[in-house]
Amino acid sequence: MKKNAGRIYPTRWFWIALLVPVGILLSMTVQPLLALYAGERITLQTVPIDPRDPFYGDYVQLRFAIEEVDGSVVDKTLVQKMEKNPGGDRYPVYVSLRKNGRTAVVAHVSEQRPRTSLYLKGELMAIWQWENGQRRTKYAIDYQLDRYYVEEGSGLEWEKLARQGNVWADVKVKGGYGVMLELKPAQ
C-alpha cells in the first residue's frame with residue numbers, strides 16, 4: 001500500500017493477489033458453460049445405483065451403457081499398453097461417439113483426440129475376469145457423469161424406472177466435456 005497525502009492506495013501487487021484467485025475460479029466455469037451453450041445434445045441409456053444423499057437430497061446414481069465397452073472398439077496400441085502394465089491403472093482416453101437411433105454409442109476409444117466433434121473424455125480401466133480357466137477382458141470408462149439430483153421425494157421412483165431400463169439421460173457434449181441436462185422416462 002502506498003501513502004499519498006494521508007491516503008492509502010493499493011499497489012499493483014495487491015491487485016494481482018486479489019485478481020489471480022478470482023481469475024482461477026472464473027476459468028473453472030468456462031468448460032461447463034461452453035458445453036452447455038455450444039455443445040451437441042445426445043441421449044444416453046442409464047442404469048442407477050443409489051437414490052439418496054442426506055446432505056444434498058435425492059439423486060440418481062447412474063451407470064451408462066457406454067461405460068462398458070468391448071475390446072473391439074479400443075485402440076490396439078492402447079490394449080497392448082494395458083496388457084504390459086496390468087494392475088488397474090486408469091488411462092486418459094477420448095471416446096468417439098456416434099448416434100445410433102435415439103441414443104449415442106461408442107464408436108472408438110483412443111488416447112488421441114478424435115477429429116469428430118462428438119466425443120467424451122474419460123478414464124479407461126481394464127477388468128480381467130476368469131471364466132473356465134480363460135481370461136476375459138472387459139473395459140470400463142469413467143466419464144464423471146454419474147450423479148444427477150432430482151426433485152425431493154422422487155429418487156426412489158427414478159431408481160425403479162432406471163432398474164427397468166426405462167430412463168434416458170440427455171447430455172450436452174462439447175470438446176470432450178459433458179453436462180447432464182435432464183432425465184426422461186423411456187417412451
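Small disclaimer: the values here were computed from a predicted structure and weren't measured.
Distance check: Arg113 CZ to Lys121 NZ gives 5.5 Å after rounding to the nearest 0.5 Å. Here the straight-line distance linking atom CH2 of Trp168 with atom CD1 of Ile42 works out to 12.5 Å at 0.5 Å rounding. To the nearest 0.5 Å, the span separating NZ on Lys76 from CD on Glu83 amounts to 11.0 Å. Put simply, NE2 on His108 and CZ on Arg98 are 13.0 Å apart, with the number rounded to the nearest 0.5 Å. Here the CG-CG distance, from Leu145 to Leu120, works out to 6.5 Å after rounding to the nearest 0.5 Å.
Tyr143 places a side-chain N or O within donor-acceptor distance of the main-chain N or O of Ile66, the cut-off being under 3.5 Å.
Nearest heavy atom pair, residue Asp70 against residue Ser72, reads OD2-OG, 2.7 Å. Residues Val22 and Leu18 approach most closely at CG2-O, 3.5 Å, considering heavy atoms. The two residues Phe64 and Ala169 make their nearest non-hydrogen contact at CE2-CB, 3.8 Å. Contact detail for Val171 and Gly178: the closest heavy-atom pair is CG1-CA, 4.1 Å.
Residues Ile24 and Trp13 share a hydrophobic cluster, clusters being chains of Ile/Leu/Val/Met/Phe/Trp/Tyr side chains in contact below 4.5 Å. Cluster membership check: Tyr177 shares its hydrophobic cluster with Leu33, using side-chain heavy-atom separations under 4.5 Å among Ile, Leu, Val, Met, Phe, Trp and Tyr. Both Ile141 and Leu118 are part of a single hydrophobic cluster, where members link through side-chain heavy atoms under 4.5 Å apart. In the hydrophobic clustering of this structure, Val179 does not group with Leu34; members are Ile, Leu, Val, Met, Phe, Trp, Tyr whose side-chain heavy atoms approach within less than 4.5 Å, directly or through other members.
Annotation: side chain of Val69 is not in contact with side chain of Val95 (no heavy-atom distance under 4.5 Å).
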(request) Let me see the working for Met82 and Leu124 under side-chain contact (heavy atoms from CB on, under 4.5 Å), right down to the final yes or no. (result) CA-CA 10 Å; Met82 294 176 85; Leu124 180 71; 3.6 Å; yes

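When the side-chain contact (heavy atoms from CB on, under 4.5 Å) test is applied to Leu25, the partners found at least two apart in sequence or on another chain are Met28. Thr116 pairs by the side-chain hydrogen bond (donor to acceptor under 3.5 Å, both in side chains) definition with nothing, not counting sequence neighbours. Residues passing the ring pair (Phe, Tyr, Trp, His ring centres under 6.0 Å) test with Tyr94, sequence neighbours excluded: Tyr119. With sequence neighbours left out, the side-chain hydrogen bond (donor to acceptor under 3.5 Å, both in side chains) criterion links Glu111 to Lys81.
Cluster partners of Val105: none. The rule joins Ile, Leu, Val, Met, Phe, Trp and Tyr whenever side-chain heavy atoms lie under 4.5 Å apart, and it links nothing here.
For the side chain to side chain contact (heavy atoms under 4.5 Å, CB included) with Tyr139, the qualifying choice from Val79, Ile127, Val106, Val109 is Val79, the only one to do so.
Applying the side-chain hydrogen bond (donor to acceptor under 3.5 Å, both in side chains) test to residues at least two apart or on different chains, the pairs with a partner in residues 21-42 are Glu40-Lys99, Arg41-Asp170, Arg41-Glu182.
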